[in-house]
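Below is one structure, written out as structure tokens; comments come after it.
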Amino acid sequence: MSFTIATWNINSVRLREGLVQRLLKEESPDILCLQECKCPVEKFPLDAFRALGYGHFVARGQKGYNGVAILSRLPLREVGAFDFARLNHARHVAAELENGVVIHNFYVPAGGDVPDREVNEKFGQKLDYVAAMRDWAWKERPRRSILVGDLNIAPREDDVWSHKQLLKVVSHTPVEVEHLGAAQEAGGWVDITRQDIPEGQLYSWWSYRSPNWDAADKGRRLDHVWATPDIASAAHSSRILREARGWEKPSDHAPVFATFDL
DNA sequence: ATGTCAGCTGAAAGCTGA
């Protein structure tokens with residue numbers, strides 16, 4: 001079988017229900033993983049998505065902040081949710097497809113403004129969260145698994161508009177990149193987007209504060225699709241739907257896609 | 001430091017988080 005998975009930080013699923021519908025209609029991924037839904041699960045606007053054929057749903061939500069969900073046209077079975085770093089935040093949910101592939105949907109903490117855990121507790125929580133991802137992967141040794149989400153770290157020099165200018169900006173600091181690399185290595189995770197698009201600048205997020213985001217193009221690749229080595233070679237056709245950043249009342253993130261033939 | 005969004009509170013405009 002073949003299926004396409006997409007990941008998108010939606011920045012309020014209730015406010016952007018229409019944009020999600022548009023993505024489902026125009027791109028029809030089999031599975032859509034959302035982050036920053038910003039609502040409790042019982043307030044998630046499911047009806048329109050069901051009507052478009054997305055009848056399967058797992059989620060974790062909370063009022064106002066965070067929140068992750070997996071919408072799917074393929075049957076799913078929830079296989080749990082982590083509370084890494086014991087933040088009591090809705091930042092992860094996992095589901096298994098009928099073929100045994102497990103999908104992990106993550107929303108890693110943004111980490112605040114100052115990249116120093118001594119003065120900024122949020123930065124410490126971010127590092128602790130990613131360290132917990134590493135420890136889990138090391139212990140669990142995941143197989144036939146896909147990990148997607150807003151990891152809030154742009155690891156490579158060509159994942160940001162200016163490596164030099166972002167070295168001290170949260171999302172691209174060496175200590176964050178190191179932590180993410182350790183988590184990736186611990187699970188043997190293959191960066192599918194970069195497997196498919198190895199060269200060149202690649203971004204999935206452009207700040208709302210940049211007035212002319214498209215022309216200025218000061219982006220970062222914060223959203224990722226990873227897979228375990230046993231299924232990584234089945235992946236292809238990765239892409240970032242940059243045009244969605246230009247839709248009416250957009251999210252500041254663009255959806256990232258990959259297709260797996262399994 | 002700036003810039004722009006979204007949600008919450010408590011009933012408007014200010015705060016927090018991104």
Side-chain angles (χ1 to χ4, degrees), chain A residues 7-23 33-45 59-69 83-92 105-117 119-130 148-155 159-162 165-173 175-177 179-180 203-224 240 242-256:
Chain A
T7 177
W8 195 13
N9 178 317
I10 193 61
N11 185 17
S12 176
V13 71
R14 286 180 294 176
L15 195 66
R16 289 186 237 284
E17 178 182 357
L19 293 193
V20 174
Q21 289 181 57
R22 178 170 175 185
L23 186 85
C33 296
L34 297 171
Q35 304 86 34
E36 277 206 271
C37 301
K38 293 190 173 177
C39 69
V41 173
E42 61 271 21
K43 297 205 172 167
F44 198 98
R60 285 293 185 279
Q62 65 185 85
K63 190 173 164 183
Y65 304 99
N66 309 316
V68 287
D83 180 27
F84 286 152
R86 298 187 184 174
L87 299 174
N88 250 311
H89 292 173
R91 295 184 175 278
H92 169 265
N105 182 14
F106 276 100
Y107 175 51
V108 170
D113 287 331
V114 183
D116 177 353
R117 71 188 309 158
V119 300
N120 169 21
E121 181 188 32
K122 291 202 194 97
F123 192 71
Q125 291 174 345
K126 180 179 197 176
L127 296 180
D128 292 347
Y129 193 94
V130 178
V148 307
D150 178 2
L151 305 187
N152 263 316
I153 298 172
D159 289 338
V160 293
W161 66 276
S162 168
Q165 288 182 252
L166 287 174
L167 273 171
K168 291 180 178 166
V169 174
V170 172
S171 71
H172 191 62
T173 64
V175 65
E176 290 170 89
V177 171
H179 274 64
L180 191 69
Y203 315 137
S204 65
W205 175 88
W206 296 261
S207 172
Y208 284 129
R209 295 173 195 177
S210 176
N212 199 350
W213 71 273
D214 196 26
D217 203 20
K218 295 184 172 180
R220 308 177 201 169
R221 188 171 70 103
L222 305 179
D223 303 276
H224 299 270
I240 297 176
R242 181 188 174 110
E243 64 175 67
R245 179 62 178 80
W247 289 352
E248 181 131 2
K249 290 271 280 171
S251 167
D252 45 356
H253 294 253
V256 182

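Throughout, protein chains are lettered first and strands after them, A, B, ... in sequence-line order, and every chain is numbered starting at 1.
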Query raised in the report: Quick one: which of Val68(A), Asp223(A), Val256(A) gives a side-chain contact (heavy atoms from CB on, under 4.5 Å) with Asp150(A)?
Result: Asp223(A)

Query - Main-chain N/O of Pro250(A) paired to Arg16(A) side chain as donor or acceptor, under 3.5 Å - result: yes

Report summary line: Per nearest nucleotide of DNA chain B, the residue lying toward the 5' end, Arg14(A) or Lys122(A), is Arg14(A)

Requested in this report: Please name all residues satisfying ring pair (Phe, Tyr, Trp, His ring centres under 6.0 Å) with Phe44(A), sequence neighbours left out, ordered by chain then number.
Outcome: Phe57(A)

Query raised in the report: For Leu222(A) and dA18(B), what is the distance between atoms CG and P respectively, to the nearest whole Å?
Result: 13 Å

Query raised in the report: Picking from dA18(B), dA6(B), dT9(B), which would you name as closest to the side chain of Lys38(A)?
Result: dA6(B)

**Report entry** Heavy-atom closest contact (Arg245(A) atom, His253(A) atom, distance)
**Finding:** CD-N, 4.4 Å

Report summary line: With the side chain defined as heavy atoms from C-beta on, Leu15(A) is closest, among dA6(B), dT9(B), dG3(B), to dA6(B)

Query - Electrostatic pair Arg117(A)-Asp128(A), nearest N-O below 4.0 angstrom - result: yes

Query - Separation of the P atoms in dG7(B) and dT2(B), to the nearest angstrom - result: 24 Å

Requested in this report: Side chain of Ala110(A) only, please: which of dG17(B), dC5(B), dA18(B) is the nearest?
Outcome: dA18(B)

Query raised in the report: Quick one: Trp213(A) CH2 to dT4(B) P, roughly how many Å, whole number?
Result: 17 Å

Report task. Compare side-chain N and O positions of Ser12(A) against OP1 and OP2 of dG7(B) and report whether any pair is under 4.0 Å apart. Result -> yes

Query raised in the report: dA6(B) P sits how many Å from Asn9(A) CG, rounded?
Result: 12 Å

Query raised in the report: Taking Gln35(A) as the fixed residue, which of Leu151(A), Asn66(A), Asn11(A), Asn9(A) is the one that meets the side-chain contact (heavy atoms from CB on, under 4.5 Å) rule?
Result: Asn9(A)

Query - Toward the 5' end of DNA chain B, by each residue's nearest nucleotide, Gly64(A) or Asp113(A) - result: Gly64(A)

Query raised in the report: In whole angstrom, what separates Asn152(A)'s CG from dA18(B)'s C1'?
Result: 8 Å

Requested in this report: Please list, chain by chain and in numerical order, all residues satisfying salt bridge (charged side-chain N to carboxylate O under 4.0 Å, His left out) with Asp214(A), sequence neighbours excluded.
Outcome: Arg242(A)

Report task. Give a yes/no on whether any side-chain N or O of Lys126(A) is located under 4.0 angstrom from OP1 or OP2 of dG17(B). Result -> no

Query raised in the report: Under a cut-off of 3.5 Å for both distances of each Watson-Crick or G-U pair, what dot-bracket string does DNA chain B give, using [ ] for crossing pairs and | for inter-strand pairs?
Result: ...((((((...))))))

Query raised in the report: Does a side-chain N or O from Lys218(A) land closer than 4.0 Å to OP1 or OP2 of dG3(B), or not?
Result: no

Requested in this report: Round to a whole Å and report the spacing from OH of Tyr208(A) to P of dG17(B).
Outcome: 18 Å

